[in-house]
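These notes are about the structure you will find just below.
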Amino acid sequence: EAGVAQSPRYKIIEKRQSVAFWCNPISGHATLYWYQQILGQGPKLLIQFQNNGVVDDSQLPKDRFSAERLKGVDSTLKIQPAKLEDSAVYLCASSLVNPSNTGELFFGEGSRLTVL
Amino acid sequence: KQEVTQIPAALSVPEGENLVLNCSFTDSAIYNLQWFRQDPGKGLTSLLLIQSSQREQTSGRLNASLDKSSGRSTLYIAASQPGDSATYLCAVQGNTPLVFGKGTRLSVIA
């Protein structure tokens, strides 16, 4: 079974530029998450989708971050304009059901962003 | 607001030792707790998932326990190997999004 796919693995941009990350979850997984992991910290949830609907985006900085999952499968996360503090690893995860119904999360390898 | 704390932040042990990693959480109203492993520059690999109704889960040399009432979980690693070197994260799922601790960075010295 293929895992969660993410691209690009690495991205270096200058502040105020834009960047987009792509995620393809495990086939059949209805729930998709984007997490931000700053060096030395645990991952922090940015947004959670159930199929193509947003379940939780309370911690997403909506003035600069946006995410979509139009067909309920793959998803993109965009940052525009980027700030220095956005330097982090952006992790995508998926689960068969919402974890509140005991679903296990599976993570991709992440996209490492460096903002100069 | 759920907070997850992991102690110690870093641990270095000689190969072959048994070791315990600790995780505590402030809100005991959780659905499940999950332990993950993260290698440098990599994503998270799920190790064990414990439902709130369970007391422990085992996988190979790993055993995770959960004491929901006291807000604690432990990850026991038996007969540690250099390949176990990684950061171990615990995360709890309740009425809030999955909340992670900062992790314990483990080094197993050959």
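Throughout, a chain's letter reflects where its sequence line sits, starting with A, and its residues are numbered from 1.
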Item to complete: Say whether A/Thr31 and A/Gln50, considering side chains only, have a donor N or O and an acceptor N or O under 3.5 Å apart.
Response: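 Judged by distance alone, the side chains do pair up.
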Discussion item. Just by distance, no angles: are the side chains of B/Trp35 and B/Ser73 close enough, under 3.5 Å, to form a donor-acceptor pair?
Written reply: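 Note: B/Trp35 and B/Ser73 side chains meet the donor-acceptor criterion.
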Worksheet item: Under a 4.5 Å heavy-atom cut-off, does chain B meet the side chain of A/Gln6, its backbone, both or neither?
Response: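 Neither part.
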Worksheet item: What part of B/Gln38 is in contact with chain A, defined as an atom under 4.5 angstrom from a non-hydrogen atom: side chain, backbone, both or neither?
Response: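 For B/Gln38, the contact with chain A is made by the side chain alone.
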Worksheet entry | Side chain, backbone, both or neither of B/Leu89 within contact of chain A (heavy atoms, under 4.5 Å) |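 Contact with chain A involves the side chain of B/Leu89 alone.
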Worksheet item: Any side-chain heavy-atom pair from A/Asp56 and A/Ile47 closer than 4.5 angstrom?
Response: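 The answer is no, as the side chains (C-beta and beyond) never meet within the 4.5 Å cut-off.
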Discussion item. Which heavy atom of A/Leu46 sits nearest to which heavy atom of A/Gln59, and what is that distance?
Written reply: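 Heavy atoms only, the tightest pair is CD2-O, 3.9 Å.
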